[in-house]
Undergrad: 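The structure follows.
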Amino acid sequence: MVYIILGKGFEEAEAVIPCDLLRRAGVDVRFVGIGTKTVVGGHSIAIEADCLAEQADLTQADMIVLPGGLGGVESILACQKVLDAVVSLNEQGNFVAAICAAPTIFAKLGIVSGKKATCYPGMENEMADAIMCDCDAVRDGNMITGRAAGTAFAFGLELVRALCSNEIADRIATGVVAH
C-alpha cells in the first residue's frame with residue numbers, strides 16, 4: 001500500500017503523476033487528505049482523497065509519498081500524525097518519498113542526514129546535511145526524493161522501480177513515452 005499525502009495547496013502534478021504511474025504498475029495507492037477528503041491543490045484543482053490522515057493507519061504503508069507545493073508542505077508539517085508516520089516508516093526501512101519542497105520535511109525530521117537527495121532548486125540550504133544531487137530523482141536506500149513538478153515522471157518511475165522492478169518501470173516509461 002502506498003499513501004500519497006494531500007494537504008491544502010499541494011502541487012497537483014507531483015501527486016497525480018506518481019499515483020498514475022504506480023497504479024499502472026498494479027500498486028495499491030491511496031490519496032490521504034489532511035483535515036478534509038476534498039483537498040484543493042495550489043492551482044485550484046480539487047482531488048477527492050480516499051481517506052483522512054486522521055483516520056488512516058499510515059504506519060502500515062509500504063511507502064508514503066509527500067508532494068510539494070508550499071501550502072501542502074505547511075499542511076504536512078502541521079499534521080503530527082503524518083510526521084510520526086514518516087519517521088516510523090523510515091525506521092522500519094519502508095520507503096519514504098518526497099518531491100519539490102517536501103524533501104525539506106525529511107530534513108526537519110532529521111532523517112535525511114548523510115543521504116543523497118534532491119529538492120526544488122534554491123531550497124538546498126534547507127536540506128541540513130543531505131548529500132545534494134543535481135538530478136531529477138534520486139534513491140538512497142529507502143528514501144526517494146524528486147526535484148519538482150517538471151520531474152514528476154522521473155520521480156514516479158523511481159517509485160515504481162523501488163516497489164516493483166526496473167523492467168516494469170521501463171515498460172511503463174515506454175507506454176507513456178517518458179524520456
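Note that the coordinates shown come from a computational prediction; the quantities given were computed from them, not determined experimentally.
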Undergrad: Ignoring hydrogens and angles, tell me if any N or O in the side chain of E54 forms a donor-acceptor pair with the backbone of G35 under 3.5 Å.
TA: yes

Undergrad: So which heavy atom on R139 is nearest to which on G141, and how close?
TA: NE-O, 2.9 Å

Undergrad: Could you work out, with side chain to side chain donor-acceptor pair (under 3.5 Å) as the rule, every residue matching N90, not counting sequence neighbours?
TA: N142

Undergrad: Would a hydrophobic clustering, with Ile, Leu, Val, Met, Phe, Trp and Tyr connected at side-chain separations under 4.5 Å, put L6 with L22?
TA: yes

Undergrad: Please determine whether side-chain contact (heavy atoms from CB on, under 4.5 Å) holds for the pair I105 and L77, giving the CA-CA distance in whole Å, both sets of side-chain angles, and the decisive distance to 0.1 Å.
TA: CA-CA 7 Å; I105 295 168; L77 287 170; 3.9 Å; yes

Undergrad: Would the distance check show the side chain of E12 and the main-chain N or O of H43 forming a donor-acceptor pair, the cut-off being under 3.5 Å?
TA: yes

Undergrad: Same cluster or not: are V16 and V176 linked, directly or through other Ile, Leu, Val, Met, Phe, Trp or Tyr residues, by side-chain heavy atoms under 4.5 angstrom apart?
TA: yes

Undergrad: What about V160 and I17, same hydrophobic cluster or not, with Ile/Leu/Val/Met/Phe/Trp/Tyr joined at side-chain heavy-atom distances under 4.5 Å?
TA: yes

Undergrad: Give me the atom names and distance for the closest heavy-atom approach of V86 to L109.
TA: CG1-CD1, 3.7 Å

Undergrad: Should L159 and V96 be counted in the same cluster of Ile, Leu, Val, Met, Phe, Trp and Tyr side chains packed under 4.5 Å apart?
TA: no

Undergrad: Determine whether V40 and I45 satisfy the following criterion, side-chain contact (heavy atoms from CB on, under 4.5 Å), listing intermediate values before the conclusion.
TA: CA-CA 6 Å; V40 179; I45 299 171; over 6 Å; no

Undergrad: Report the C-alpha separation of V138 and T145 in whole Å, then their side-chain angles, then the decisive distance to 0.1 Å, and conclude whether the side-chain contact (heavy atoms from CB on, under 4.5 Å) test is met.
TA: CA-CA 6 Å; V138 61; T145 53; 3.1 Å; yes

Undergrad: Just jot down the side chain to side chain donor-acceptor pair (under 3.5 Å) partners of D20, sequence neighbours excluded, or say none.
TA: R24

Undergrad: R161 side chain to L163 main-chain N or O, any donor-acceptor pair under 3.5 Å?
TA: no

Undergrad: Please report the closest heavy-atom contact between A173 and L157, naming both atoms and the distance.
TA: CB-CD1, 3.7 Å

Undergrad: For a 4.5 angstrom cut-off between non-hydrogen side-chain atoms, does E11 reach C100?
TA: no

Undergrad: For the atom pair CZ (R147) and SG (C135), what is the distance rounded to the nearest 0.5 Å?
TA: 6.5 Å

Undergrad: When rounded to the nearest 0.5 angstrom, what is the spacing between CZ in F153 and NE2 in H179?
TA: 10.5 Å

Undergrad: Over all heavy atoms of both residues, which pair between A46 and T38 is shortest? Give the atoms and the distance, please.
TA: CB-CG2, 4.0 Å

Undergrad: Among all residues two or more places apart in sequence or in another chain, which pass the side chain to side chain donor-acceptor pair (under 3.5 Å) test with N125?
TA: none

Undergrad: In Å, rounded to the nearest 0.5 Å, how long is the span from OG1 of T151 to CD of E158?
TA: 11.5 Å

Undergrad: Without swapping roles, check the side chain of T118 against the backbone of D136 for a donor-acceptor pair under 3.5 Å.
TA: no

Undergrad: Provide the closest heavy-atom pair for V82 versus A53 in the form atom of the first, atom of the second, distance.
TA: CG2-CB, 4.0 Å

Undergrad: Given 3.5 Å as the limit, does a donor-acceptor pair link the side chain of R23 with the main chain of V29, or not?
TA: yes

Undergrad: More than 12 foreign heavy atoms under 6.0 Å from NZ of K81: is that the case here?
TA: yes

Undergrad: Is any side-chain heavy atom of M132 closer than 4.5 Å to one of D134?
TA: no

Undergrad: Would you indicate whether the side-chain heavy atoms of V112 and P103 approach each other to under 4.5 Å?
TA: no

Undergrad: Is a donor on one side and an acceptor on the other found under 3.5 Å between the side chain of T104 and the backbone of A101?
TA: yes

Undergrad: Report all side-chain donor-acceptor pairs from residues 58-75 shorter than 3.5 Å, counting only partners two or more places apart or in another chain.
TA:
{"unit_1": "T59", "atom_1": "OG1", "unit_2": "D57", "atom_2": "OD1", "d": "2.7"}
{"unit_1": "D62", "atom_1": "OD2", "unit_2": "M1", "atom_2": "N", "d": "2.4"}
{"unit_1": "S75", "atom_1": "OG", "unit_2": "K8", "atom_2": "N", "d": "3.3"}
{"unit_1": "S75", "atom_1": "OG", "unit_2": "K8", "atom_2": "O", "d": "3.4"}
{"unit_1": "S75", "atom_1": "OG", "unit_2": "G71", "atom_2": "O", "d": "3.1"}

Undergrad: Could you check if a side-chain atom of I5 sits within less than 4.5 angstrom of a side-chain atom of V32, using non-hydrogen atoms only?
TA: yes

Undergrad: Taking atom CZ of F95 as the centre, report whether more than 12 heavy atoms of other residues, nucleotides or ligands fall under 6.0 Å from it.
TA: yes

Undergrad: Rounded to the nearest 0.5 Å, what separates atom CE in M127 from atom OG in S113?
TA: 11.0 Å

Undergrad: For I168, does its backbone N or O pair with a side-chain atom of S165 as donor and acceptor, under 3.5 Å?
TA: yes

Undergrad: Could you tell me whether the side chain of F10 reaches within less than 4.5 Å of the side chain of I47, counting heavy atoms only?
TA: yes

Undergrad: Please name all residues satisfying salt bridge (charged side-chain N to carboxylate O under 4.0 Å, His left out) with K37, sequence neighbours left out, ordered by chain then number.
TA: none

Undergrad: Would you please test Q80 and L83 for side-chain contact (heavy atoms from CB on, under 4.5 Å) and show each step?
TA: CA-CA 5 Å; Q80 193 62 48; L83 299 176; 4.1 Å; yes

Undergrad: Side-chain heavy atoms nearer than 4.5 Å, only ILVMFWY residues, links allowed to pass through others: does that put I34 and V39 together?
TA: no

Undergrad: Minimum heavy-atom separation for A97 to F155, with atom names?
TA: CB-CZ, 3.8 Å

Undergrad: Report the residues that fulfil side chain to side chain donor-acceptor pair (under 3.5 Å) with R171, sequence neighbours left out, ordered by chain and then residue number.
TA: none

